[in-house]
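Below: one structure, written as structure tokens.
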Amino acid sequence: MSSRLIGVGVGPGDPELVTVKGVNALRDADVVVVPVMDTGERGRAEATVLHYVGAEKIVRVVFALNERTDRARREAAWDAAGERVAGLLREHAAVAFATIGDPNVYSTFTYLAQTVGALVPGTVVETVPGITAMQDLSARSGAVLTEGTEPLTLVPVTAGSAVLKDALHGPGTVVAYKFGRQAAEVAEALRESGRLDDAVWGSALGLPEESVRPAGELDGAPLPYLSTLIAPARREGGRGGKL
């Protein structure tokens, strides 16, 4: 029988936000792979998984998670990680891979699944959805993501501030991921588009060091890499104005 590789979304950090299906998938798997940086410190995914499975079941696999400039180093890390997981799939019937957020939203899991599929043909790839950072920030801040016919645009600011500026001049809510290193540019884009007052940002959601603040408090200082921003749509006409 073919082995199964299951990408499990474990949410943005708060262990209470892992779904029941996610917990079952982690517990039912033979081993649970968690991504770590080459520096070796425990990441959010591993910390969350440890609330539900024992450490003896966890396999730590190194990924170049923050590498954006050295493509050769990044590709080598992906290849090595793929080989490691492929080896686990040859030994076990079910291997889970825990990823923060959702496995189909800007996740390392998509690259891993592609690599493993080539190394172990016939592997069945499945995913279990997870709560995203934008959903968690919306709940913690009270910023409504969408109403009526409003569109929702998700932008990784690692793609450049120009992409964010274009989105902010559109009609709907804009969510920005990974903007911490470009916080000054993000604040300026919000001011230029007239969308600073209602916007909020958050980092370390659900963790002891959590910060949720109005975007108007952005002072240009760098923020944690995984910071999230919500700039709600402009809403006029009262309740149901955009139905």
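Remember, predicted model here, so these are calculated numbers, not experimental data. The basis for the numbers below is simple: all heavy atoms, side chains too, and nothing from hydrogens, waters or symmetry mates.
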Examine L145 and V155 and state if one hydrophobic cluster contains both, with Ile, Leu, Val, Met, Phe, Trp and Tyr joined whenever side-chain heavy atoms are less than 4.5 Å apart.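 No: no chain of side-chain contacts under 4.5 Å links L145 to V155.
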Same cluster or not: Y52 versus L207, using hydrophobic residues (I, L, V, M, F, W, Y) connected whenever any side-chain heavy atoms lie under 4.5 Å apart?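 No, no single cluster joins them.
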Hey, are D14 and R140 close enough for a salt bridge, meaning a charged N less than 4.0 Å from a carboxylate O?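 Yes, this pair counts.
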So, does [X] use its side chain to make a donor-acceptor pair with the main chain of [Y] at under 3.5 Å?
X	Y	value
R44	I100	no
Y106	Y177	no
Q135	I131	no
E91	L88	no

Option from V32, T123, I6, L5 for which side chain to side chain contact (heavy atoms under 4.5 Å, CB included) with V95 holds: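 For V95, the side chain to side chain contact (heavy atoms under 4.5 Å, CB included) test succeeds with only one of V32, T123, I6, L5, which is L5.
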What residue among L229, I230, T132 forms side chain to side chain contact (heavy atoms under 4.5 Å, CB included) with L137?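 Of the listed options, the one satisfying the test is I230.
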Any donor-acceptor N or O pair under 3.5 Å, side chains S211, S203: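 Absent: no donor and acceptor within the cut-off.
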Heavy atoms only: give me the nearest V61-R84 pair and the separation to one decimal.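 Between these two residues, the closest heavy atoms are CG2-CG, 3.8 Å.
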Between L26 and N24, does the side chain to side chain contact (heavy atoms under 4.5 Å, CB included) criterion hold? Intermediate values first, please. CA-CA 5 Å; L26 294 172; N24 289 338; over 6 Å; no
Using the ring of each side chain (for Trp, its six-membered ring), is F179 parallel, tilted or perpendicular to W201, with breaks at 30° and 60°?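 Plane angle over 60°, so perpendicular.
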